[in-house]
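Since the structure comes first, as structure tokens, the remarks are kept for the end.
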Amino acid sequence: MSVTDSTERTDSDLVAARRAKLARWRDDLGIDPWGRRVEGLVPLAEARGMFDQAAAEAMEGEPTPDPDPRPRAVVAGRVVQHRAMGKLCFMVLRDESGDMQISCSKADLEPASFKLASKVDYGDIVVAAGPVGRTRRGEICIWADRFEVHCKSLAPPPEKFHGLTDAEQRYRRRYVDMYASPDTMATFLQRSRIVSDIRRFMESHGFVEVETPMMQPIAGGAAARPFVTHHNALDIDLYMRIAPELYLKRLLVGGMRRVFEINRNFRNEGISRRHNPEFTMMEAYEAFGDCESVMRLTESLLRSLAGGTVAFGDLEIDYEADFDRTTYGALFQTTFGCDMGDEAAVRAVATAKGLEDADTRDAWLLVEALFGEAEETIDPSRPTWVTDFPSALSPLSRPHQDDPSLAWRAELFIAGMELGNFYTELNDPDIQRARFTEQLEGINDEDAAFRSLDEDFLDALLVGMPPAGGFGIGIDRVVMLMTGNTSIRDVVLFPLMKPEERGE
RNA sequence: GAUCGCGUAGCUCAGUCGGUAGAGCAACCGCCUUUUAAGCGGUAGGUCCUGGGUUCGAGUCCCAGCGCGAUCACCA
């Protein structure tokens, strides 16, 4: 198949027009429309900041000074507006720092450059240089005396005012969304800063960042369904990790006091406004800490990220005040009117709610299934700790000494979302083995394929893990809260989508 | 997985009671040295998501499917 064939088959008239223009520029103007290295570029926002009012006024008076006192700038950006009027043309360039107008007068430019400037298309990437001044209407701009096209955009652009509004198109063609919607760019730049701030915060508290396996022979540390892959040379199945927990704990055994990891987890489950199959998690472990110490750490981290109150949908969430606290049992009690430890009462509620296997399923699993309704009673505008989870539902956390049915475990809820899990880690190898074994007894054959006993982890606990606090928080959800985006897809650059059907 | 909504030009959107497919932007041609979603004149551009059905006639009504979104369910 030749290139021409493919071009003829797939190009719309709009693409054909852009290709024709590109050919004319190459043939008639002798330019290379694919660009080259450019020295001395400054971001558009910086170029705007260079504007000097006195110099601009001097140029507008009589006589005009020589040399030109206005500061000069070299900029690059994508053309997002273009207004040509004969011997003068204006265009607005956009880069990640913002927008800026470029004004091109036929009198100031080489004839070929002016012709280019008059004819560029929305979406082309151009370089311009000249004095930073302003127009009669006061718009700060660069009066270009150099103008070059450094990448011809061949694809038809979105509508210049509305941009892309179709959510599907925004996710599938994020590269268009990013330049067409400054809010999108702002969100992802903010995400980058947030992750960077989190790293600095953790490092300033003595935590060391590590990287542990993302392909694991046993998918441990959580209860989600994993993605399966295969290593050919070893001829073994591997699982994309659902959590780094069991590896990070091995590092405590090895002697690291404070570790954290920010990386992707993969869970082969539903997609929703709050769930993407691959998502970024931070897990951290603090030897000689406990559930309380990592809760305090997290509260302080979120407080520093938020810097006060942040809007999320209709909510105004205040991170400054101490977070609210309640217990798992109290929430259960107020929602269902019975003690979560009262098996008969729990079964009665579960039966009344129409849960499957309400008579036969483990009573704690019924409590867990019911608990979602209790979560909804938490004030979404208040960051809230839910503490004292049932031990039966917390196989990796240490039971309370005075009441072993409760675990030293908390979850943080904000805006109706589960932000993360906080534990005093279980480091007794015998209890840990018992917990794993109990868990494995109740599961079906399908789950058994990937949930086998992690003997190596239990060996590590035999070597001895210091007492520790540990936690994991969903970074995407933190970014949602801090940027006011209510869908995880708006804070993940390339959210998972069903592949598009494309004709051969 | 369930329910509801949406799918029309490259993009943003109209399309009445079922009666020849529309606008703005973008594109193409022409004019224009101070525009701000520039303006003016002209031209071209459609698998109305797909497949069935009802009808003299379907973008419109019905059924099924596909994609996306919202809500719910699932998610130690």
Side-chain angles (χ1 to χ4, degrees), chain A residues 11-21 60 79-92 99-108 114 118-119 121-123 133-141 143 153-173 176 180 220-225 242-243 245 267-275 277 279 354-356 362 364-365 367-369 371-372 376 389-397 407 409 411 418 421 423 435-436 438-439 442-443 447 451 486-487 489 495 497-501 503:
Chain A
D11 283 2
S12 72
D13 291 349
L14 294 175
V15 176
R18 282 168 178 251
R19 286 187 181 281
K21 185 178 284 187
E60 285 154 13
V79 177
V80 294
Q81 288 180 46
H82 186 251
R83 300 180 278 274
M85 47 193 69
K87 299 185 182 64
L88 183 65
C89 87
F90 301 103
M91 69 188 76
V92 175
D99 291 358
M100 187 181 191
Q101 178 169 301
I102 307 299
S103 305
C104 300
S105 166
K106 188 169 186 178
D108 296 339
F114 182 73
S118 322
K119 295 292 185 186
D121 289 319
Y122 181 25
R134 65 182 175 190
T135 65
R136 281 179 203 163
R137 301 289 280 271
E139 179 76 33
I140 293 173
C141 66
W143 284 101
S153 175
L154 294 175
E159 211 261 4
K160 69 180 171 189
F161 185 63
H162 298 92
L164 278 187
T165 61
D166 178 34
E168 180 175 357
Q169 290 303 311
R170 294 204 302 111
Y171 301 143
R172 288 195 193 280
R173 311 189 69 214
V176 175
R225 183 171 302 267
I242 56 177
E245 174 150 1
R267 297 189 180 178
N268 204 341
E269 282 163 4
I271 297 175
S272 80
R273 218 160 45 128
R274 299 185 197 80
H275 298 85
F279 62 100
L355 265 61
E356 283 178 30
D362 180 273
W364 287 112
L365 293 181
V367 168
E368 182 184 35
F371 193 73
E376 289 167 22
F389 272 56
S391 285
L393 303 175
S394 312
L396 296 164
S397 35
R409 171 184 171 197
E411 281 198 6
E418 181 195 328
N421 257 301
Y423 301 130
R435 286 282 169 74
F436 280 159
E438 279 165 32
Q439 244 198 323
I443 66 174
D447 289 357
R451 281 187 205 168
T486 55
S487 170
R489 291 185 189 89
M497 306 282 281
K498 212 167 218 189
E500 236 173 337
E501 298 271 338

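Residue numbering restarts at 1 for every chain, and letters A, B, ... go by the order of the sequence lines. Everything quoted here is computed from the prediction, not taken from an experiment.
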Considering only heavy side-chain atoms of A/A107, the closest of B/rA26, B/rU33, B/rA70 is B/rU33
Sticking with atom C1', work out how far B/rG45 lies from B/rC29, rounded to a whole angstrom. 15 Å
Return the nearest nucleotide to the side chain of A/D13; candidates are B/rC13, B/rC74, B/rG45. B/rG45
Under a 3.5 Å cut-off for both distances, is B/rG10 Watson-Crick or wobble paired, and to whom? B/rC25
Closest to side chain of A/L164, choosing from B/rC11, B/rU36, B/rC68: B/rC11
Please report the distance separating the P of B/rC49 from the corresponding atom of B/rA44, rounded so that it comes out in whole Å. 25 Å
Of the candidates B/rU33, B/rC68, B/rC28, the side chain of A/L88 sits closest to B/rU33
Provide the distance between the two C1' atoms, one in B/rU8 and one in B/rU47, to the nearest whole Å. 12 Å
Please measure how far the C1' atom in B/rG46 lies from the corresponding atom in B/rG1, and state the result in whole Å. 37 Å
Would you indicate whether the side-chain heavy atoms of A/P277 and A/N268 approach each other to under 4.5 Å? no
Distance-only donor-acceptor test, A/Q81 side-chain atoms vs B/rU36 base atoms, 3.5 Å: no
Between B/rC25, B/rU36, B/rU34, which nucleotide has the shortest distance from any of its atoms to the side chain of A/E159? B/rC25
On a whole-Å scale, what distance lies between the C1' atoms belonging to B/rU60 and B/rG15? 9 Å
Work out how far the P atom of B/rG24 is from that of B/rG42, and round it to whole angstrom. 11 Å
Choose from B/rU34, B/rG10, B/rU33 the nucleotide whose nearest atom is closest to any side-chain atom of A/L14. B/rG10
Ranking B/rC75, B/rU34, B/rC68 by distance to the side chain of A/E269, first place goes to B/rC75
Has the side chain of A/R19 got a donor or acceptor atom that lies under 3.5 Å from a matching backbone atom of A/L154? no
Please determine, for the side chain of A/T135, which listed nucleotide (B/rC13, B/rU36, B/rC75) has the closest atom? B/rU36
Side chain of A/R273 (C-beta onward), nearest among B/rG69, B/rA70, B/rU36: B/rA70
Counting only Watson-Crick or G-U wobble pairs whose two distances fall under 3.5 Å, which nucleotide matches B/rG45? none
Tell me which nucleotide among B/rA70, B/rC75, B/rU34 gets nearest to the side chain of A/R489. B/rA70
For the side-chain contact (heavy atoms from CB on, under 4.5 Å) test, which of A/E60, A/E139, A/Q101 pairs with A/R134? A/E60
